[in-house]
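Below you'll find the structure, written out as structure tokens, and then a few comments.
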Amino acid sequence: VQLQASGGGLVQAGGSLRLSCAASGRAFSSYAMGWFRQAPGKEREFVASISLRGTSTYYADSVKGRFTISRDNAKNTVYLQMNRLKSEDTAIYYCVADPAPESATYGSRWSYEYDYWGQGTLVTVSS
């Protein structure tokens, strides 16, 4: 599967952005999906994940209550709505796909469980 992320850009602190990730192929509904990010000089970190039909979602503590992950299986697309952005949210955001999740309600926090990675989209939050 190929993943194409979009929607990044420059936003002021307190603002919002919505990232989108379009996936190729016909098996999208069989993949758990997620978002990771990597800030300059820092390690890559988990942001959010979502189960096959979107019934279960998981978030890093740092974004819980501000970010929302969702998916539209009819459009082969996963979204990340980011509200109340902070300067520490500045990073490259990567869309990821897990073709073999442990269960229909599973969304991993671990990068090694995701076989497919998009090219990343840059989010810059100015303070």
Side-chain angles (χ1 to χ4, degrees):
V1 64
Q2 291 187 325
L3 305 173
Q4 181 69 45
S6 61
L10 175 63
V11 63
Q12 288 189 332
S16 298
L17 278 177
R18 187 175 83 154
L19 305 184
S20 299
C21 175
S24 64
R26 293 178 290 178
F28 181 75
S29 60
S30 67
Y31 297 132
M33 300 296 294
W35 291 91
F36 283 74
R37 68 185 181 185
Q38 186 165 20
K42 294 189 177 181
E43 293 187 356
R44 186 170 54 196
E45 64 175 359
F46 168 77
V47 176
S49 61
I50 188 166
S51 61
L52 301 183
R53 289 189 291 273
T55 53
S56 299
T57 56
Y58 306 86
Y59 298 94
D61 288 344
S62 59
V63 306
K64 198 173 295 183
R66 300 188 297 121
F67 291 12
T68 302
I69 188 171
S70 61
R71 65 189 297 164
D72 185 337
N73 286 348
K75 296 182 178 180
N76 282 15
T77 302
V78 62
Y79 305 96
L80 184 69
Q81 177 67 44
M82 305 184 295
N83 298 329
R84 290 184 284 136
L85 283 160
K86 305 175 181 180
S87 57
E88 51 263 44
D89 295 318
T90 294
I92 299 174
Y93 283 72
Y94 297 92
C95 173
V96 295
D98 175 6
E102 292 184 5
S103 72
T105 59
Y106 184 69
S108 177
R109 296 174 176 267
W110 309 110
S111 60
Y112 66 83
E113 295 200 276
Y114 291 95
D115 290 349
Y116 302 103
W117 291 70
Q119 87 289 358
T121 185
L122 177 63
V123 172
T124 303
V125 183
S126 64
S127 56

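Please read these numbers as outputs of a predicted model, since none were measured by experiment.
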Item to check | Pairing residues for Arg71 by the salt bridge (charged side-chain N to carboxylate O under 4.0 Å, His left out) criterion, not counting sequence neighbours | outcome: none
Checklist entry - Is the NZ or CZ atom of Arg109 positioned over Tyr58's six-membered ring, under 6.0 angstrom from the centre and within 45° of the axis? => result no
Checklist entry - Do Lys86 and Asp89 sit within salt-bridge range, that is, some charged N less than 4.0 Å from a carboxylate O? => result no
Next on the checklist: Checking Tyr114 against Tyr94 for the ring pair (Phe, Tyr, Trp, His ring centres under 6.0 Å) test, could you report, in this order, the C-alpha distance in whole Å, the side-chain angles of both residues, the deciding distance, and whether it holds?
Outcome noted: CA-CA 11 Å; Tyr114 291 95; Tyr94 297 92; over 10 Å; no
Checklist entry - How about Ser108 and Asp98: does a side-chain donor come under 3.5 Å of a side-chain acceptor? => result no
Next on the checklist: Show the nearest heavy-atom pair for residues Val78 and Ser70, with the distance to one decimal.
Outcome noted: CG2-O, 3.1 Å
Checklist entry - When you measure from the side chain of Ser49 to the backbone N and O of Gly34, does any donor-acceptor pair fall under 3.5 Å? => result no
Item to check | side-chain contact (heavy atoms from CB on, under 4.5 Å) assessment of Val11 paired with Thr124 | outcome: CA-CA 6 Å; Val11 63; Thr124 303; over 6 Å; no
Next on the checklist: Please give me the minimum heavy-atom distance between Pro99 and Asp115, naming the atom from each residue.
Outcome noted: CG-OD2, 3.3 Å
Item to check | Backbone of Leu52 reached by a side-chain donor or acceptor of Asn73 within 3.5 Å | outcome: yes
Checklist entry - Between Asp72 and Thr77, is a side-chain hydrogen bond (donor to acceptor under 3.5 Å, both in side chains) present by the stated rule, with each step listed? => result CA-CA 5 Å; Asp72 185 337; Thr77 302; over 6 Å; no
Next on the checklist: Ignoring hydrogens, what is the shortest heavy-atom contact between Leu80 and Tyr93? Give both atom names and the distance.
Outcome noted: CD2-CD2, 4.1 Å
Next on the checklist: Please evaluate residues Ile92 and Gln119 with respect to the criterion side-chain contact (heavy atoms from CB on, under 4.5 Å), reporting the C-alpha separation (whole Å), side-chain torsions for both, the decisive distance (0.1 Å), and the verdict.
Outcome noted: CA-CA 9 Å; Ile92 299 174; Gln119 87 289 358; over 6 Å; no
Next on the checklist: For Gly65 versus Arg84, what's the shortest heavy-atom pair and its separation?
Outcome noted: O-NH2, 2.6 Å
Item to check | Check: Phe46 ring centre within less than 6.0 Å of Tyr59 ring centre | outcome: no
Checklist entry - With distance as the sole test, does Ser51 use its side chain to make a donor-acceptor pair with the main-chain N or O of Thr105 at under 3.5 Å? => result no
Checklist entry - Do you know which two heavy atoms are closest between Ala97 and Leu3, and how far apart they sit? => result N-CD1, 3.8 Å
Checklist entry - Which heavy atom of Val125 sits nearest a heavy atom of Thr90, and at what distance? => result N-OG1, 2.9 Å
Next on the checklist: Working to the nearest 0.5 angstrom, can you tell me the gap between Trp35 CH2 and Glu45 CD?
Outcome noted: 14.5 Å
Item to check | Crowding at CD, Gln2 (>12 non-hydrogen neighbours, <6.0 Å) | outcome: no
Item to check | Test item: Glu113 and Val96 side chains (from C-beta on) under 4.5 Å apart, heavy atoms | outcome: no
Item to check | Gln81 backbone acceptor or donor facing Arg18 side chain under 3.5 Å | outcome: no
Checklist entry - Would Gln4 and Cys21 satisfy side-chain contact (heavy atoms from CB on, under 4.5 Å), going step by step from the backbone distance to the final call? => result CA-CA 5 Å; Gln4 181 69 45; Cys21 175; over 6 Å; no
